[in-house]
Colleague: 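To start, I am sharing the structure in question, which I have written as structure tokens.
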There are 2 protein chains.
Amino acid sequence: MSDLVERLRGQGWRMTAQRRVVAQVLDGDHTHLTADEVHARASRLLPEISRATVYNTLGEMVSLGEVIEVATDGRAKRYDPNARRPHQHLVCSGCGTIRDVHPTGSPLGDLPVAERFGFTVTEADITYRGLCPSCASGAAGAA
Amino acid sequence: MSDLVERLRGQGWRMTAQRRVVAQVLDGDHTHLTADEVHARASRLLPEISRATVYNTLGEMVSLGEVIEVATDGRAKRYDPNARRPHQHLVCSGCGTIRDVHPTGSPLGDLPVAERFGFTVTEADITYRGLCPSCASGAAGAA
DNA sequence: TTCTTGACTTGGACAGAGTCCATCGTAGGA
DNA sequence: TCCTACGATGGACTCTGTCCAAGTCAAGAA
């Protein structure tokens with residue numbers, strides 16, 4: 001049914017109806033949902049699921065490395081179930097749509113030692129911004 | 001006194017005591033303050049300044065391109081007055097310290113057309129993450 | 001199958017960040 | 001100096017996320 005559910009069970013997770021439903025919501029839909037959206041969709045499958053449980057479950061999935069937390073705009077965090085393949089994000093400044101992208105090059109290598117200030121740098125998140133096709137055509141028409 | 005104040009006046013800004021104080025706080029200290037920190041520092045110079053005014057003023061400075069909004073962690077946004085020189089950010093995962101950095105390479109060029117999904121891509125924000133020297137030594141000692 | 005137990009869930013209170021709005025104050029032009 | 005539209009105020013409100021005490025239940029043991 002769900003790869004994610006199987007992997008979580010493999011990690012020693014106690015499998016409850018709530019966790020299964022959250023995993024299904026994330027796994028079935030490769031978009032980037034907010035916690036509230038996950039809660040809304042999970043509620044359709046299991047009406048009595050609580051918000052706290054959704055937050056807890058998402059947090060645990062993030063700790064286990066099965067889900068990535070994406071904070072592109074300072075509003076609600078979004079949850080990206082595509083954690084197993086390294087990727088970056090492309091965000092539409094108009095409507096907020098997010099796409100996973102795979103740039104060439106190695107951003108970590110592009111940071112000279114002189115620019116590291118003694119930090120142990122382990123990660124580089126890139127957020128590309130622009131307008132998606134429909135927002136771009138809308139903007140052209142409006143301007 | 002303050003370059004930023006002069007530039008804002010040049011943009012047709014009506015100059016009030018509140019705006020001057022916010023500009024001074026940002027201009028005087030090249031760190032990355034949250035709106036609340038800006039409010040706290042501005043209050044020392046002008047005790048009756050309100051939170052709403054600080055938010056409004058910061059928002060306007062961002063629209064004018066004089067200040068950059070940085071959302072590195074999904075918590076409070078930070079405001080970076082160093083908007084005139086393009087740069088990226090290096091964030092300590094331990095204490096949250098932010099440094100401006102200048103990587104080589106062009107991240108925009110690293111995104112193949114096939115990976116753009118028809119977007120008009122205009123910008124690439126890179127957030128490098130790692131541990132600053134003091135957090136790294138603390139972690140080594142603790143582990 | 002039943003029991004046991006500790007991990008999980010619930011829901012409501014709470015906190016932090018940010019926005020909104022009606023009202024009041026004032027910068028700057030006439 | 002006077003006017004007036006732009007800006008400031010502060011309190012209520014929303015949104016996102018966390019915490020906690022009490023109740024529930026998955027899964028291993030007998």
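Computed from a predicted structure; not experimentally measured. FYI, side chains are in, hydrogens and waters are out, and symmetry mates aren't considered; it's all heavy atoms of this structure. The sequence lines fix the lettering, A, B, ..., with proteins before strands; numbering per chain opens at 1.
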Colleague: How large an angle, rounded to 10°, do the end axes of the helix from dT1(C)-dA30(D) to dA30(C)-dT1(D) enclose when each is built from five base pairs?
Modeller: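 If I round to tens, the end axes sit 20° apart.
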Colleague: Measure from the side-chain N and O atoms of T120(B) to the backbone N and O of G130(A), and report whether any donor-acceptor pair falls under 3.5 Å.
Modeller: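 Side chain of T120(B) to backbone of G130(A): no pair is present.
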Colleague: Hey, are E37(A) and R78(A) close enough for a salt bridge, meaning a charged N less than 4.0 Å from a carboxylate O?
Modeller: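 A salt bridge links E37(A) with R78(A).
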Colleague: How does each nucleotide of nucleotides 19-30 of chain C score, in 5' to 3' order, for protein heavy atoms under 4.0 Å: base (B), sugar-phosphate only (S), or none (-)?
Modeller: BB----BBBS--
Colleague: Would you mind reading off the distance between L46(A) atom CG and dG11(C) atom P, rounded to a whole angstrom?
Modeller: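 Those two atoms, CG and P, are 11 Å apart.
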Colleague: Is it the case that the side chain of R116(B) and the backbone of L111(B) share a donor-acceptor pair, with hydrogens and angles ignored and the cut-off at 3.5 Å?
Modeller: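 Yes; judged by distance alone, with no hydrogens or angles, the pair exists.
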Colleague: Specify the separation, in whole Å, of atom CD of E48(A) and atom C1' of dT9(C).
Modeller: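 Taking atom C1' of dT9(C) as the reference, CD of E48(A) is at 10 Å.
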Colleague: Are E60(A) and W13(A) packed together at the side-chain level, in the sense that at least one heavy-atom pair is separated by less than 4.5 angstrom?
Modeller: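 In contact.
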Colleague: Any luck finding a side-chain donor-acceptor pair between D125(B) and H89(B) under 3.5 Å?
Modeller: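 The criterion, which ignores hydrogens and geometry beyond distance, is not satisfied for H89(B) and D125(B).
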Colleague: Whole Å only: how far is the CZ atom of R78(B) from the C1' atom of dA17(C)?
Modeller: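 Rounded to whole Å, this separation is 13 Å.
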Colleague: H39(A) and side-chain contact (heavy atoms from CB on, under 4.5 Å): which partner among I49(A), T53(A), V25(A)?
Modeller: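 When side-chain contact (heavy atoms from CB on, under 4.5 Å) is applied between H39(A) and each of I49(A), T53(A), V25(A), only I49(A) qualifies.
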Colleague: Between H32(B) and D100(B), is a side chain to side chain donor-acceptor pair (under 3.5 Å) present by the stated rule, with each step listed?
Modeller: CA-CA 9 Å; H32(B) 300 74; D100(B) 288 355; 2.7 Å; yes
Colleague: Judged by atom type as modelled, is there a donor-acceptor pair below 3.5 Å linking the side chain of Q88(A) to the main-chain atoms of I126(A)?
Modeller: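 Yes.
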Colleague: In whole angstrom, give the distance that lies between atom NE2 of H39(B) and atom C1' of dG16(C).
Modeller: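 For the pair H39(B) NE2 and dG16(C) C1', the rounded distance is 15 Å.
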Colleague: Where the side chain of Y128(A) meets the backbone of P107(B), is there a donor-acceptor pair that is under 3.5 Å apart?
Modeller: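 Side chain of Y128(A) to backbone of P107(B): a pair is present.
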Colleague: Determine whether P133(A) and F119(B) make a side-chain contact, defined as any pair of heavy atoms from C-beta on separated by less than 4.5 Å.
Modeller: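 Contact flag for P133(A)/F119(B) side chains = yes.
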Colleague: Between which nucleotides of DNA chain D, read 5' to 3', does contact with chain B run, using atoms under 4.0 Å from its heavy atoms?
Modeller: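 The footprint of chain B covers dA5(D) to dG10(D).
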